[in-house]
Amino acid sequence: MTKTAHKPAMQHEDDAITLLTEDHKKVKKLFAEFAKLAKDEGSDKAKAAVVQQICMALNIHAQAEEELFYPAVRDAIKDDDLMNEADVEHAGAKNLIAQLEAMAPEHDHYVATVIVLGEMIDHHVNEEEQKMFPKAKKAKVDIAALGAALSQRMHELQAERGEAEKPVKARKALSR
Ligand SMILES: [Fe+2]
């Protein structure tokens, strides 16, 4: 990689709520892409490729949220019921993601599993955007600092997972 390919050091950082909302939009697009593939009888390979992107995006998003955003928000908004609900929704989504990661696209419940995961995420995203985020803003959570931390953590996780998903041969060659 050349030096000019790096992002400038002074790049604008999104606040946590903007960043998470943008991420929600991206994953929503992926679910829509999958729905179209399922409807148009796209190939199993194409479906699996989109599902892999969905699982990776959700895993990174959820982990960064749980490590950084949720503890700060839980502390600030004093609404354990809302935060506990979000935790349970994350656990439910992770369960379906793990099932999907172990499931071949030929499986007769593959499409249904992706669709149900999408519905769960839709619900969860609405709860966050309509309840949790407004409460966090009102409670003056430092969304600027959290945005920077989230962005950094997401990049780290992306690099780790990208590395983990490369075939063993390629990884060996890289580590030489
Ligand atoms: Fe979430």
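In each ligand, atom 1 is the first atom listed, and ligand 1 is the first ligand listed. When reading the values below, keep in mind they use all heavy atoms of this one structure, side chains included, and skip hydrogens, waters and symmetry mates.
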J.: If you define the side chain from C-beta out and look only at heavy atoms, does anything of Asn84 sit under 4.5 Å from Arg74?
T.: yes
J.: Angle at the Fe ion (ligand 1) between OH of Tyr70 and NE2 of His90, to 10°?
T.: 70°
J.: Is the distance from the Fe ion (ligand 1) to some N, O or S atom of His61 under 2.8 Å?
T.: no
J.: Test salt bridge (charged side-chain N to carboxylate O under 4.0 Å, His left out) on Glu66 and Lys94; report intermediate values, then the result.
T.: CA-CA 12 Å; Glu66 285 168 19; Lys94 276 186 203 161; 2.9 Å; yes
J.: Do Thr21 and Phe133 touch side chain to side chain, with heavy atoms closer than 4.5 Å?
T.: yes
J.: In a check of side-chain hydrogen bond (donor to acceptor under 3.5 Å, both in side chains) between Glu22 and each of Lys26, His24, Lys25, which one passes?
T.: Lys25
J.: Return yes when at least one N/O/S atom of Glu128 is nearer than 2.8 Å to the Fe ion (ligand 1), and no when none is.
T.: yes
J.: Kindly give the atom name of the N, O or S atom of Glu65 closest to the Fe ion (ligand 1).
T.: OE1
